[in-house]
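Both backbone and side-chain heavy atoms feed into the values below; hydrogens, waters and symmetry mates do not.
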Amino acid sequence: MKMLQDVVKESRWWTCLSLLLLCIGFAKSSEITFELPDNAKQCFYEDITKGTKCTLEFQVITGGHYDVDCRLEDPDGIVLYKEMKKQYDSFTFTASRDGAYKFCFSNEFSTFTHKTVYFDFQVGEDPPLFPNENRATALTQMESACVSIHEALKSVIDYQTHFRLREAQGRSRAEDLNTRVAYWSIGEAIILLVVSIGQVFLLKSFFSDKRTTTTRVGS
């Protein structure tokens, strides 16, 4: 009898874990990292139902001063969000009507540096983990544990994304600094070589014999 109870508990835990994975896998979210060339503009479209809560979050990972222009429009072309030269930001809104919403990232102000941009566009909220989660009835101990694990997993995913972006940005800054140090070292070496050669010729001119010729003018 005890073995049967253990099997039932293990089966329930596997069911709970499957529900967690399904909820995480089917959350509607567009998460993309893309290259944005200089003097370029990239737009994305998302069909959204009226009354849906959405969140747009973006961050510039590499390139220039790590800034970009962002613009969000509804299906009627009304600007919901517009920021210039932002390194990162987050904007939450509720769709006022059905249709395709457009959000664009622009690097048109940059003349020679391209950017790498990450954005996460979340549409709607996660469905309840259990059908009776939003009801007045209390959750069982196992259901409460599953909900806690689900929230903890979402937090872990957010932290992993955050630290992944920070690591990529830090690597880009370190490589850029390494390139500048290398160029500066090469420039110093060239300047030192030119100064050394100049000093050699200058000292040589001090010790060289100067021959003077005297011309006698006769009447």
Side-chain angles (χ1 to χ4, degrees), residues 17-63 66-110 114-136 139 143 146-166 168-169:
L17 181 59
S18 300
L19 287 172
L20 289 175
L21 295 176
L22 285 174
C23 288
I24 294 175
F26 285 97
K28 190 174 181 182
S29 176
S30 300
E31 189 175 358
I32 298 177
T33 302
F34 66 98
E35 293 282 342
L36 185 61
D38 54 287
N39 295 316
K41 182 178 180 181
Q42 185 71 40
C43 294
F44 301 87
Y45 298 85
E46 183 73 27
D47 290 327
I48 305 175
T49 306
K50 180 180 178 180
T52 305
K53 185 178 180 181
C54 307
T55 300
L56 172 63
E57 182 179 0
F58 68 91
Q59 179 177 346
V60 181
I61 302 176
T62 63
Y66 301 90
D67 53 358
V68 73
D69 296 342
C70 183
R71 182 187 181 98
L72 174 65
E73 298 179 358
D74 67 359
D76 295 329
I78 300 175
V79 179
L80 303 178
Y81 171 84
K82 181 180 179 181
E83 288 292 339
M84 310 295 289
K85 295 184 179 181
K86 294 285 290 187
Q87 295 183 350
Y88 58 89
D89 203 3
S90 179
F91 176 70
T92 302
F93 69 98
T94 301
S96 59
R97 56 158 298 177
D98 299 340
Y101 286 72
K102 179 176 73 171
F103 54 99
C104 301
F105 298 96
S106 175
N107 193 30
E108 295 175 334
F109 59 88
S110 180
H114 71 281
K115 311 288 177 62
T116 302
V117 183
Y118 161 85
F119 76 85
D120 182 14
F121 193 70
Q122 298 180 357
V123 179
E125 298 180 353
D126 293 335
L129 193 59
F130 298 99
N132 58 345
E133 184 176 345
N134 295 328
R135 297 179 182 177
L139 298 177
E143 290 175 344
C146 290
V147 172
S148 301
I149 295 173
H150 177 61
E151 296 297 328
L153 286 176
K154 290 196 300 183
S155 298
V156 168
I157 292 174
D158 292 338
Y159 279 118
Q160 283 182 339
T161 302
H162 174 70
F163 285 114
R164 211 177 292 124
L165 293 174
R166 289 188 60 183
Q169 192 175 64

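Taking the side chain as every heavy atom from C-beta outward, Cys70 and Leu56 approach each other to under 4.5 Å. Using a 4.5 Å heavy-atom threshold, the side chains of Asp69 and Glu83 count as separate. In this structure, Asp67 and Val60 have side chains that are not in contact, with every pair of non-hydrogen atoms separated by 4.5 Å or more.
Annotation: Phe119 is not in aromatic contact with Phe121 [ring centroid separation under 6.0 Å not met].
In terms of heavy atoms, Ser110 sits closest to Asp38 at O-CB, 3.7 Å. When all heavy atoms of Glu108 and Asn39 are compared, the closest pair comes out as O-OD1, 3.2 Å. A pairwise comparison of heavy atoms in Thr116 and Thr33 identifies CG2-CG2, 3.7 Å as the closest pair. When all heavy atoms of Thr55 and Ser90 are compared, the closest pair comes out as CG2-OG, 3.8 Å. Between Ser106 and Leu36, the closest heavy-atom pair is C-CD2, 3.9 Å.
Enclosure of atom CZ in Arg166 is not indicated, since only 12 or fewer non-hydrogen atoms of other residues, nucleotides or ligands lie within 6.0 angstrom.
With rounding to the nearest 0.5 angstrom, the NZ atom of Lys102 is 7.5 Å from the CZ atom of Arg71. Here Asp120 contributes atom CG and Glu31 contributes atom CD; the two are 5.0 Å apart, rounded to the nearest 0.5 Å. For the atom pair NE2 of His114 and OG1 of Thr62, the computed distance is 5.5 Å after rounding to the nearest 0.5 Å. Of the inter-residue distances, the one linking Asp47 atom CG with Thr52 atom OG1 reads 11.0 Å to the nearest 0.5 angstrom. Here the straight-line distance linking atom CG of Asn107 with atom NZ of Lys85 works out to 10.0 Å at 0.5 Å rounding. The line from CD1 of Ile48 to CG of Asp98 is 10.0 Å long, rounded to the nearest 0.5 Å.
Tyr118 and Glu57 form no side-chain donor-acceptor contact under 3.5 Å, judged by distance and modelled atom types alone.
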Worked check of disulfide (SG to SG under 2.5 Å) between Cys43 and Cys104: CA-CA 4 Å; Cys43 294; Cys104 301; 2.0 Å; yes

Working for ring-ring contact (aromatic ring centres under 6.0 Å, His included), residues Tyr101 and Phe103: CA-CA 7 Å; Tyr101 286 72; Phe103 54 99; 9.9 Å; no

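Side chain of Lys53 to backbone of Thr92: no donor-acceptor contact under 3.5 angstrom is found. Between the side chain of Asp76 and the main chain of Ile78, no donor-acceptor pair closer than 3.5 Å is present.
Partner Phe58 forms a ring-ring contact (aromatic ring centres under 6.0 Å, His included) with one of Tyr66, Phe44, Phe105 and no other, that one being Phe105.
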